[in-house]
J.: 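Let me give you the structure first, and then I'll get to my questions.
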There are 4 protein chains.
Amino acid sequence: MARKRAFTEEELLDTAEQLIIEQGYSSFHLKKLAEHLASGARSTIYQYFANKEEIAAACMKRAMVRTVAKAEQVDEQEPLNALRDLLRMYMQEADLHAILGDVRKIDVSQSEKAAELVREVMGMHETLSDQLSRIFQQAQNEGVVRRDIPFVILASLFFQLINTPNVMQLPSEEWADYLFNIWYEGSGKK
Amino acid sequence: MARKRAFTEEELLDTAEQLIIEQGYSSFHLKKLAEHLASGARSTIYQYFANKEEIAAACMKRAMVRTVAKAEQVDEQEPLNALRDLLRMYMQEADLHAILGDVRKIDVSQSEKAAELVREVMGMHETLSDQLSRIFQQAQNEGVVRRDIPFVILASLFFQLINTPNVMQLPSEEWADYLFNIWYEGSGKK
Amino acid sequence: MARKRAFTEEELLDTAEQLIIEQGYSSFHLKKLAEHLASGARSTIYQYFANKEEIAAACMKRAMVRTVAKAEQVDEQEPLNALRDLLRMYMQEADLHAILGDVRKIDVSQSEKAAELVREVMGMHETLSDQLSRIFQQAQNEGVVRRDIPFVILASLFFQLINTPNVMQLPSEEWADYLFNIWYEGSGKK
Amino acid sequence: MARKRAFTEEELLDTAEQLIIEQGYSSFHLKKLAEHLASGARSTIYQYFANKEEIAAACMKRAMVRTVAKAEQVDEQEPLNALRDLLRMYMQEADLHAILGDVRKIDVSQSEKAAELVREVMGMHETLSDQLSRIFQQAQNEGVVRRDIPFVILASLFFQLINTPNVMQLPSEEWADYLFNIWYEGSGKK
DNA sequence: AATGAATGAGTCTTCATTCAT
DNA sequence: CATGAATGAAGACTCATTCAT
């Protein structure tokens, strides 16, 4: 008994995520968002979200939830296998990096809702970090990775692999495994 | 007899660079720039540059020129030594990464001058890449790095080392050497 | 060494005061304000004030300061004379009533400056009330006004005289004295 | 078979009146109105009224009609008794004052219906004024109120009594009689 | 030159009103 | 009839850029 929706909340967040990833949060404008939505006026957006900040935060939370859900399904029994699986997963959620860098830029002072969402994202980030640390520590205990390097650094380097441009155009999983090997074996000659 | 200069072009670019690095290009405003300049009015900036985009581009070019100059001084005879030296150098010019990520964000459509500057920055980036590739190829020829991996990827991974947060607070050079070792030997157990 | 000002801060506040008095704070818009200023764009206003709320608050404070200054010059020795003088004075600052009713409508949550100004206005209101109370109490002590009525009520009724439309078009002072007499003697036959 | 009514016209006007009295016409929004209605959507309001202005005007007319009806029942034989009764009545319809101050704020240029309603309200206001004048004139004729003051002024001062804040928390009728006495006898010592 | 001031284009947000189911 | 949804016309505010002294 009402008009047909111009776009779903889902579509809105998809579009927002795409824009934020491509151009960064600082240049994320509702005008642009509305234009990219194809149908629907700018003001319609306010039916779904109270303000720009909430959109960005909701968007980031959604990506984070998605990632955490996948991360939880990784079997942590065998550290190396776990790391390989995690890398594959992060490779698919490659934008997470960009997003995490932008969460702090959200002005949270005018919207308690946005503040809460940002807090949740931070919390989940913590969860992911903890998982990596846990696995790395176990790997060190089992002696399968170097022990002469603090695991934070190992983790940090490992996490950066995601940013490597896939110049060989390999399928995501193969690419992940390829990088994993280099990370593990090193770039020097054997 | 002209009035006392409010600020030199040099000072302006220094301040701009600092701002762009700290907060990213998208949130780089001339208002902020003027405030950080201590002396001089916002409108005075237009005596030196025609618009915001030119400032950003000039700023990035300057950083690039600086880097290229240093890179040229690296002795490329011994590939591994050359790489070590380059890493040390890049570590000092760590902001280059941030800057390079932002060049593309400059809206170049309204200012031919800015467009030209951006092109120059891109060109110099190319120069740096070529150098890295050259050294890596030589290293592969000499058999001091793995040959089963395309040198572009080796270079890409190598270049990412710069982003690793220096959690151990080591002095820049030591930190570079530390990472170099991990990159070379890998993270896996020996 | 700069362009000529489109309007002074003084002119701006004058215009704002007029608008707020005529149409109330709730319908006070910067667009309207700019239009009434004859010269100057809307955005120029922001050179002088940070936001709408500050303008309104500054405007009210100015009126209040003006009034308090006049009130302080009233000689309180003889209560009845003092009251007569005060009434004359309030008659000239007749808009004070309208303004006071609107101070509370100012949204103070986004601007500390506005909040402070509002606080100051309230404080000065207090000062004026205290003065009235003081004089009324003294008048009761000296037996020149009724003692069977709480002085707050006496003051309240007295203060309302200001709102009486001057249908006879008497000069302000005469009109004040005229009303003062009715207030004192009552409307009933002697 | 129609759906259940979301709200009656009566309920709508009740709520509108309450809002206009509490916060003034300038901050009267249909959004707020709909929220306060508990049941029914904002758009449903347009089944009953063509626009915001009509609602406000209808609301004010209703209050006016109510007041006029009560005023007509006052026995005008004895002027003083009539005045006392009128004051009691106005005290109960104390919001009338607020409403009358707001009629002029209604933008009547877009809706002929609203314009007509506003005209009616003004007309009834006239009626009430006439009644007051009539009674005052009679009172002057009978010599029960001062004759040295134009009856318009007497009426005006009388009407303002309604605004006096009831600090003593007396029941409405007692409060009316209390003020009536002061108005009649004056505030000066006997 | 340097700069205080002006300004218009652009963004966010709100709200009355209209649509279409 | 009722209403969920859409929307355009404001209004607040910011900022790059231009003016004129």
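When reading the values below, keep in mind they use all heavy atoms of this one structure, side chains included, and skip hydrogens, waters and symmetry mates. Letters go in sequence order (proteins before strands), and every chain restarts at 1. Worth saying up front: this structure is predicted, and the values here are computed from it rather than measured.
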J.: Using 4.0 Å as the upper bound for N to carboxylate O, is an ion pair formed by A:E22 and A:K32?
T.: no
J.: Using a 3.5 Å cut-off and no angle test, enumerate the donor-acceptor pairs between side-chain atoms of residues 36-47 of chain C and protein atoms at least two apart in sequence or in another chain.
T.:
| from | atom 1 | to | atom 2 | distance (Å) |
| --- | --- | --- | --- | --- |
| C:S39 | OG | C:A6 | O | 2.7 |
| C:T44 | OG1 | C:A41 | O | 3.4 |

J.: Does NZ belonging to B:K113 count more than 12 external heavy atoms closer than 6.0 Å?
T.: no
J.: Give the rounded distance in Å between these two atoms: CD of D:E35 and P of E:dT14.
T.: 12 Å
J.: Within this structure, what is the CZ-to-P distance between C:F49 and F:dA12, rounded to whole angstrom?
T.: 15 Å
J.: Between the main-chain N or O of D:N51 and the side-chain N or O of D:E54, is there a donor-acceptor pair closer than 3.5 Å?
T.: no
J.: Only Watson-Crick and G-U wobble pairs with both distances less than 3.5 Å should count. Give DNA chain E in dot-bracket notation, marking inter-strand partners with |.
T.: .||||||||||||||||||||
J.: Within residues 11-26 of chain D, which residues have any heavy atom lying less than 4.0 Å from an atom of DNA chain F?
T.: none
J.: Table please: side-chain donor-acceptor pairs of residues 114-124 of chain B below 3.5 Å, with sequence neighbours left out.
T.:
| from | atom 1 | to | atom 2 | distance (Å) |
| --- | --- | --- | --- | --- |
| B:E116 | OE1 | B:R119 | NH1 | 2.6 |
| B:R119 | NH2 | B:E112 | OE2 | 3.1 |
| B:E120 | OE1 | B:K61 | NZ | 2.5 |

J.: Which pair of non-hydrogen atoms, one from D:K52 and one from D:F28, has the smallest distance, and what is that distance?
T.: CE-O, 2.7 Å
J.: Rounded off to whole Å, could you give me the CG-to-C1' distance for the B:L33 and F:dT17 pair?
T.: 14 Å
J.: Which atom names give the shortest non-hydrogen contact between A:I106 and A:Y25, and what distance separates them?
T.: CA-CE2, 3.7 Å
J.: Do you know which two heavy atoms are closest between C:I55 and C:L12, and how far apart they sit?
T.: CG2-CD2, 3.8 Å
J.: Just how far is it from atom CG of A:L19 to atom CD of A:E35, taken to the nearest 0.5 Å?
T.: 10.0 Å
J.: Kindly state which residues belonging to residues 102-119 of chain B come within less than 4.0 angstrom of DNA chain F, counting heavy atoms of the residue only, listed by number.
T.: none
J.: List the atom of C:R5, the atom of C:Y48, and the distance in Å for their closest heavy-atom pair.
T.: NH2-CE2, 2.5 Å
J.: Which value, rounded to the nearest 0.5 Å, describes the distance between B:M64 atom CE and B:L100 atom CG?
T.: 4.5 Å
J.: One character per nucleotide, please: for nucleotides 5-11 of chain E, 5' to 3', B when the base has a protein heavy atom closer than 4.0 Å, S when only the sugar-phosphate does, - otherwise.
T.: BBBB--S
J.: Tell me: NZ of D:K32 to C1' of E:dC15, nearest whole Å?
T.: 12 Å
J.: Grab the CD-C1' distance between B:E54 and F:dA16 for me, whole Å please.
T.: 14 Å
J.: Pair C:M60, C:I20 - check side-chain contact (heavy atoms from CB on, under 4.5 Å), show working.
T.: CA-CA 9 Å; C:M60 295 180 182; C:I20 292 179; 4.2 Å; yes
J.: Can you tell me how far C1' of F:dA20 sits from OH of B:Y46, to the nearest Å?
T.: 17 Å
J.: Between A:R66 and A:E17 (salt bridge meaning N to carboxylate O under 4.0 Å), is one present in this structure?
T.: yes
